[in-house]
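Notes follow once the structure below has been shown.
In listed order, ligands and their atoms are each counted from 1.
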Amino acid sequence: MIPAAFDYARASSLEEALSLLAEHGDEAKLLAGGHSLLPLMKLRLATPSVLVDLGRLEELAYVRDEGEHLAVGALTTHHDLSRNALVRRHLPVLAHVAGQIGDPQVRHRGTIGGSLAHGDAASDLPAVVLALGGTLVAEGRGGRREIEASEFHEGFLETALGPEEVLVEIRLRKPAHTGFGFEKLTKRAQDWAIVGAVAARRDDLPGGVGVALVNMAPVPVRALSVESALAEGVPVPEAAEQADAEADPSADINASVAYRRHLAHVLVRRALEKALS
Ligand SMILES: Cc1cc2nc3c(=O)[nH]c(=O)nc-3n(C[C@H](O)[C@H](O)[C@H](O)COP(=O)(O)OP(=O)(O)OC[C@H]3O[C@@H](n4cnc5c(N)ncnc54)[C@H](O)[C@@H]3O)c2cc1C
């Protein structure tokens, strides 16, 4: 449980973080809240030789109203998301889910950018951002680029970010109707989801709801078949039966594949009933 030796550099600006990444290449890892990276390092599943600490970059911790969307800085903590007045007003699903993550210690250190960039499909916020159709903004020394949430997670702990890029911002459209449902089955309150389901009202979808699943594949899963069924007027209980159509769950100590598929149906139905009530 002791990490391999590493050097530590605290970036005092985004520019400095990008220079440090360019200097150290694949050997470097960004550190945000550290609540996913440090456990991996203690298990020696990650052995970066340099940690570039973003933790003091207040320039990346914000929530801004940009008219049609909210812009959320990648260093915004789960705690701050759960308390932010703009988030609570326009995207209560994000505030609610952020407020349920782990325990207070995890919520005060963990960041939305770290959760997305870590790329663990058992994490909750990636599914929320997917259900909301978010856009992620990455910055490298060559400038900024936008990545759709649906393109961001490429495999287990793999994302579309390049080794010299920093995730700087998450953009989320403000829906006219903010109804949502979030269902998460855990053994203990602070655990990761055995399976989770998010349903969030959206004006830009024909069925009016974005639906995504937690821990039902190596990446967060958008339940497109459910969304299409809703757009065709299929009632919620039948639409929810499509919940696992795009999923590829694994068995583990907590659940078999069949149980995960069953949970997806039940949790999506409950999430939709809440979102549409
Ligand atoms: C006890 C415990 C319980 C937890 N329970 C839950 C839970 O119920 N639900 C849940 O969703 N999560 C849970 N988590 C995970 C928690 O939310 C993490 O904080 C989060 O997933 C990672 O955020 P971080 O800021 O700590 O990232 P870090 O651990 O600092 O970094 C994670 C990874 O992302 C990279 N990274 C970080 N920031 C950036 C960036 N801006 N740009 C590019 N790369 C970046 C790092 O290099 C690293 O590879 C739990 C964690 C713990 C320890």
- Applied to residues 54-80, the salt bridge (Lys or Arg N to Asp or Glu O under 4.0 Å) test, sequence neighbours excluded, yields Asp65-Lys174

- Query: What pairs meet the ring pair (Phe, Tyr, Trp, His ring centres under 6.0 Å) rule with one or both residues in residues 8-61, with sequence neighbours excluded?
  - Reply: none

- Task: Grab the two heavy atoms, one from Pro126 and one from Ser115, that are nearest each other, plus how far apart they are.
- Result: CD-OG, 3.6 Å

- Message: Check the orientation of His96 and Phe182. Use parallel for under 30°, tilted for 30 to 60°, and perpendicular for over 60°.
- Response: perpendicular

- Residues forming a ring pair (Phe, Tyr, Trp, His ring centres under 6.0 Å) with His177, sequence neighbours excluded: none

- Query: Atom OG1 of Thr159 and atom CD of Glu151: how far apart are they, to the nearest 0.5 Å?
  - Reply: 12.5 Å

- Note on the structure: By chain and number, the residues contacting ligand 1 below 4.0 angstrom (heavy atoms only) are Lys29, Leu30, Leu31, Ala32, Gly33, Gly34, His35, Ser36, Leu37, Leu54, Ala74, His78, Ile101, Gly102, Val106, Gly110, Thr111, Gly114, Ser115, Ala117, His118, Ser123, Asp124, Leu161, Val166, Leu167, Lys184, Gln190, Asp191, Trp192

